[in-house]
Amino acid sequence: MDTLWQHEAFIGGAWRGAGDLRRFPVLDPATGETIAEVADCGEAEAEAAIAEAAIAYESWRGTTALERSRVLRRWHDLMMERQEELARLLTSEQGKPLAEARGEVAYAASFLSWFAEEARRAYGQVVPAHRADAEVVVLKEPVGVVAAVTPWNFPLAMITRKVGPALAAGCTIVVKPAEDTPLSALALARLGEAAGVPAGVVSIVTTRDAPSVVGALMRSPTVRKLSFTGSTATGKLLMRQSAETVKRLSLELGGNAPLIVFADADLDVAVRGTLASKFRNTGQTCVCANRILVEDAIYDRYAEALAEAVRRLKVAPGTVEGAAQGPLINRAGFAKVERHVADARAKGGRILAGGQPDAQGGLFFQPTVIADATPEMALADEETFGPVAALFRFQTEDEAIRLANATETGLSAYFFTRDLARAWRVARRLEAGMVGINEGVISTEVAPFGGVKQSGLGREGAAQGLEEYLETKYVLFGGLAA
Ligand SMILES: NC(=O)c1ccc[n+]([C@@H]2O[C@H](COP(=O)([O-])OP(=O)(O)OC[C@H]3O[C@@H](n4cnc5c(N)ncnc54)[C@H](O)[C@@H]3O)[C@@H](O)[C@H]2O)c1
Ligand SMILES: O=C[C@H](O)CS(=O)(=O)O
């Protein structure tokens, strides 16, 4: 197979440019250099992709679950065969350390293998009928044509977490990837083509003009579902746009995760868990700890231990051996980190590590630890989405839970304790869709990923993830009297 570096959009099984041949640049965040020019599609291309998806749906929905399973498994296998190439391509446009990029390729591929298995378990039901002359049957059927809109921070996994269950269920899908990271999406499509995904089943519409392309997807009555991953603000906008055609919705939105360290925690485990949660992908994940709540009795010991570990994190381009922190994705993301650190300083925050743009310049920021954080700081209410660990102090368990829940979002939460009774009490009281106990990284294809409150609707992965792409049909067989 040829190179995975594709520059045209993938629509209806064909690689094609925008109608007016417009292209937009893709930048390497580590250098600011243009690494590719990609088709800058518009409404016309989105509408073409929808039409192709509708045509393909009529045959794809008719395939057996076993046939769909085999295509997904083959796609997984091809991803893993080309893991290194995919990882280097991903790092070149997203910036994450290569070791993390290799991990994302495997994580992304795991959704294809998982849903290759789940495809064969879309069970219906035969229900004991309410009449002697009837049978009650409940069927599971594919939703139809799906629109997927995805973010830049996990440019492969956020797509396969949608494409996997969609295809397993018998749906077809039009993907609009983030403008910062279109190359990974196109590489994924190239491997899907090689794995035998039929023309029109998966289309990738690349664009710098998200409102136009996504607007066309949202206006179309043919598109029966939106699966969106991104900020809560954009999610709310697309919810409103979906109302006109009453689309099914899966929304994976913003977070503001609390991470609580109780005095009885194992300090080394807590520090390791904090590093893993806070600084993965240079702090640019939806499930990063955003507020670190530390019980007063161990506050100073934990703060110094964390700061010492953070000072050892290597800041470098993702391809550099040992790189632990890469660049922020773009100027806007960098500016938000600078704003949060300056605001915290101005409100009494004490810098224990980092606190400045990194000496190598560009979009690199020093991994930072701020002590004496308070709820009045911007980073308490907003998702920093960068390498800043803000340490808050608490006295009691009730105060920790009140502080943890004092946010409109509820995606993930973490806490560290060796008290079993406390573990159950706190896990039950935290307002989050996902909770890690003595663990800082909890994402896996086998568990339902998603949040409560303004972190979204629905779940991805696990068995629940397939339900998001299925409709329930009740059939009553009457006139069956003997
Ligand atoms: N819950 C999750 O699983 C999850 C995963 C990753 C990221 N996120 C969240 O996503 C955010 C960061 O990602 P982001 O900056 O790419 O989010 P974003 O909302 O800016 O963009 C997400 C996608 O929406 C598109 N988009 C943006 N504005 C749009 C508009 N007006 N109309 C139509 N489409 C539009 C973008 O092009 C992109 O493809 C963070 O808040 C993070 O927490 C959540
Ligand atoms: O940023 C959000 C992603 O869902 C992160 S994870 O890799 O799934 O934890």
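Counting convention: from 1, in listed order, for ligands and their atoms alike.
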Does [X] reach the side chain of [Y], with side-chain heavy atoms less than 4.5 Å apart?
| X | Y | answer |
| --- | --- | --- |
| F115 | R68 | no |
| I50 | V223 | yes |
| R280 | S443 | yes |

Considering non-hydrogen atoms of the protein only, which is the closest contact for [atom], and what is the distance?
| atom | value |
| --- | --- |
| atom 9 (C) of ligand 1 | G230 O, 3.2 Å |
| atom 25 (C) of ligand 1 | V149 CG1, 3.8 Å |
| atom 9 (O) of ligand 2 | S443 OG, 2.4 Å |
| atom 8 (O) of ligand 2 | Y107 OH, 2.7 Å |
| atom 43 (O) of ligand 1 | E383 OE2, 2.6 Å |
| atom 1 (N) of ligand 1 | L253 O, 2.8 Å |
| atom 39 (O) of ligand 1 | T150 O, 2.7 Å |

inquiry  = Below 3.5 Å, N or O to N or O, backbone or side chain included: is there any such pair between C286 and ligand 2?
reply    =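 N/O-N/O distance below 3.5 Å exists for this pair.
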request  = Examine the proximity of ligand 2 to R280 and report which part, side chain or backbone, both or neither, has a heavy atom under 4.0 Å away.
outcome  =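 Contact part for R280 vs ligand 2: side chain (C-beta onward).
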Give the numbers and elements of all ligand 2 atoms closer than 4.0 Å to a heavy atom of [X].
| X | result |
| --- | --- |
| M158 | 3 (C), 4 (O) |
| T285 | 1 (O) |
| R161 | 4 (O), 8 (O) |

Heavy atoms only, cut-off 4.0 Å: how does [X] contact ligand 1, side chain, backbone, both, or neither?
| X | answer |
| --- | --- |
| T234 | side chain |
| E179 | side chain |
| L237 | side chain |
| M218 | neither |

Below 4.0 angstrom from a heavy atom of [X], which ligand 1 atoms are there? Numbered from 1 as shown, please.
| X | value |
| --- | --- |
| F385 | 12 (C), 40 (C), 42 (C), 43 (O) |
| K176 | 36 (C), 37 (O), 38 (C), 39 (O) |
| L411 | 1 (N) |

ask   = Where the closest heavy atom to atom 18 (P) of ligand 1 is concerned, which of S231, G254, C286 has it?
value =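 Selected option, by shortest heavy-atom distance: S231.
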inquiry  = My understanding is that we take every heavy atom of each candidate and find the minimum distance to atom 34 (N) of ligand 1. Doing that for T181, V214, N290, which one comes out nearest?
reply    =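 Ranked by closest heavy atom to atom 34 (N) of ligand 1, first place is V214.
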query = Think R161 forms a cation-pi with F449, using NZ or CZ under 6.0 Å from the six-ring centre and within 45 degrees of its axis?
reply =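 Cation-pi check for R161 and F449: passes.
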request  = Test the K225-Y469 pair against the cation-pi criterion, namely NZ or CZ under 6.0 angstrom from the six-membered ring centroid and within 45° of the ring axis.
outcome  =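 Satisfied, under 6.0 Å and within 45°.
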ask   = In terms of the angle between their ring planes, are F111 and Y107 parallel, tilted or perpendicular, with boundaries placed at 30° and 60°?
value =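 It falls in the perpendicular class, over 60°.
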key: Under-4.0 Å protein heavy-atom contact, atom 21 (O) of ligand 1   =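 False for atom 21 (O) of ligand 1.
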